[in-house]
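In what follows, a single structure is set out as C-alpha cells and then discussed.
Just so we're on the same page: letters track the sequence lines, and every chain starts at 1.
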There are 2 protein chains.
Amino acid sequence: MIETPDDTPSPSLSEADALPPSEQHAQQYAAVRNAHETELLEDYVELIGDLIAHQGEARSADIALRMGVSQATVSKMVGRLKSLGLVASKPYRSLFLTEEGEAMARMSRQRHAIVLQFLRALGVSDDTARIDAEGMEHHVSQETLDAMQRFTRLQSGEG
Amino acid sequence: MIETPDDTPSPSLSEADALPPSEQHAQQYAAVRNAHETELLEDYVELIGDLIAHQGEARSADIALRMGVSQATVSKMVGRLKSLGLVASKPYRSLFLTEEGEAMARMSRQRHAIVLQFLRALGVSDDTARIDAEGMEHHVSQETLDAMQRFTRLQSGEG
DNA sequence: CAATACAGTTAGCCTTTGCTAAGTTATTTA
DNA sequence: TAAATAACTTAGCAAAGGCTAACTGTATTG
Ligand SMILES: [Mn+2]
Ligand SMILES: [Mn+2]
Ligand SMILES: [Mn+2]
Ligand SMILES: [Mn+2]
C-alpha cells in the first residue's frame with residue numbers, strides 16, 4: 001500500500017473548500033446510490049409493520065392510500081418484497097412480515113424515531129420534522145444517529 | 001374549510017406513536033419522491049460548478065471519476081441537463097452552466113455546506129459527515145436548514 | 001504527420017418505480 | 001343469493017439511472 005499523494009491543501013477559512021480527493025468523493029455518491037436501493041423497501045416494511053400493529057392487518061389498499069401511489073404499484077412492490085423474503089401473503093389476502101422483514105421493520109422504525117425526535121428537539125415544527133425525517137432517515141449513519149440521540153437526550157434533560 | 005376529525009390521541013410515552021392521518025402520511029412520501037426527482041440534477045450541477053471553480057473547466061471524464069459512474073452514464077445525464085436548460089456544451093467539449101444551472105448550483109452548494117457544517121458541529125467525524133450530508137441535503141426543508149444554522153452558530157460561538 | 005492514447009458519444013441492454021386500463025376475486029348489501 | 005362494490009392482480013407503457021461494447025473525435029508524441 002502506497003500512500004496517495006495528498007494535493008488537498010489544509011483548510012482555510014478565507015477560500016471555498018477544496019474538492020475532496022476523487023475516490024472519497026466517489027464514495028460519497030456511491031453511499032447515496034446504495035441508500036436509494038433499500039430505502040423504499042424499508043419504508044414499505046416499516047409501514048406494513050405499523051399497519052399490523054395499529055390496525056391489526058396490512059392491506060394493499062391501505063398501503064396505497066398511505067403511500068399515495070396506485071394499488072397496482074403496491075401490488076408490484078409487494079411482489080418484489082415477497083421475492084426478497086421480506087413479506088409473505090396469499091393472493092388477495094393481507095400481508096405479513098417474515099422474520100427478516102420484522103427485523104428490517106424494527107431497525108427502520110427505530111432509526112426513523114430517532115431522526116424524528118432529533119428534529120423536534122432541534123426546534124423544527126412537527127409537520128416539517130415528519131416530512132424531513134421520512135427522507136433523511138435513509139441517509140443517516142450509525143455515527144450520526146448516535147450524535148442525534150445524545151443531543152435529543154441532552155435537550156429533553158435540560159427541558 | 002372544515003376541520004379534519006382528529007383521531008390522533010395526545011402523545012403518550014408508554015405506547016407507540018399512532019400513525020399520522022393518511023393524507024399527511026401520503027404527503028410525507030410524496031415529498032421524498034419529489035426530492036428524488038431533482039436530487040441527481042442538483043448533485044451534477046453542483047459538481048460541474050465546483051469543477052469549473054476549482055479546476056477551470058468541467059469535463060465529462062472528471063465527472064465520471066468523481067461520481068463513480070461510467071462516462072456513458074455521464075453523457076446521457078448531460079443530455080438530460082442540457083434538455084432541461086441547466087447545462088450548455090458543444091459536442092466533445094467541456095461543460096458550462098446556464099444562468100438557471102448556476103442558480104441551482106449556488107443553492108445546492110449552500111444547502112450542502114450548511115448540512116455538512118451542522119453535522120460537524122454535532123460532533124460527527126469529517127468522513128461520516130461528508131457521506132451523510134451528500135444524501136441528507138436533498139431531504140432538508142428550509143425550516144430545518146434554519147434550525148441547523150442556528151445550532152452551528154451557537155456551537156462555534158461557544159467554542 | 002502518423003500512430004497512439006485519451007475523451008466523448010451512441011446503441012442496446014437491464015432494473016426500479018411509477019402510471020392506466022382491464023380483468024379477477026372477495027365482501028357487502030338489497 | 002344475486003348484484004354491486006371494493007380489493008387485488010396483471011398487462012403494457014414510460015422515464016430514470018445504471019451498465020458494456022463499439023464507435024468517433026481530439027490531443028499527444030515519436
Ligand atoms: Mn421510515
Ligand atoms: Mn422513509
Ligand atoms: Mn451536494
Ligand atoms: Mn447530494
query: Quick one: Glu39(B) CD to dA15(D) C1', roughly how many Å, whole number?
result: 16 Å
- request: Rounded off to whole Å, could you give me the CG-to-C1' distance for the Leu65(A) and dC8(D) pair?
  value: 15 Å
query: If you measure from the Lys or Arg side-chain nitrogens to the Asp or Glu carboxylate oxygens, is any gap between Arg106(A) and Glu46(A) under 4.0 Å?
result: no
field: Pair Asp146(A) + Arg150(A), salt bridge at N-O below 4.0 Å
entry: no
- prompt: In terms of ring plane angle, is the pair His139(B) and His139(A) parallel, tilted or perpendicular, where the classes change at 30° and 60°?
  reply: parallel
task: Calculate the interatomic distance between Lys90(A) atom NZ and dT25(C) atom P; express it in whole Å.
output: 16 Å
- prompt: Roughly, in whole Å, what's the span from CG in Asp43(A) to P in dG18(C)?
  reply: 10 Å
Output side-chain donor-acceptor pairs under 3.5 Å for residues 73-80 of chain A, partner residues at least two apart or in another chain, one line each.
| from | atom 1 | to | atom 2 | distance (Å) |
| --- | --- | --- | --- | --- |
| Thr73(A) | OG1 | Ser70(A) | OG | 3.1 |

query: Any chance CD of Gln110(A) has more than 12 other-residue heavy atoms, nucleotides or ligands included, within less than 6.0 Å?
result: no
task: Indicate for each nucleotide in nucleotides 16-26 of chain D, in 5' to 3' sequence, whether protein heavy atoms under 4.0 Å reach the base (B), only the sugar-phosphate (S), or nothing (-).
output: SBBBBB--BSS
message: Can a donor-acceptor pair be found, under 3.5 Å and without considering hydrogens, that links the side chain of Ser156(B) to the backbone of Thr152(B)?
response: yes
- request: Consider the side chain of Arg59(A), meaning its heavy atoms from C-beta on, and name the nucleotide among dA7(D), dA7(C), dT10(D) that approaches it most closely.
  value: dA7(D)
- request: Mind calculating the distance between CD (Glu42(A)) and C1' (dT17(C)) to the nearest angstrom?
  value: 16 Å
Between P of dA7(C) and CZ of Arg66(B), the distance in whole Å: 15 Å
query: Which part of the nucleic acid, if any, lies within reach of Ser60(A) when heavy atoms closer than 4.0 Å are counted: base, sugar-phosphate only, or nothing?
result: sugar-phosphate
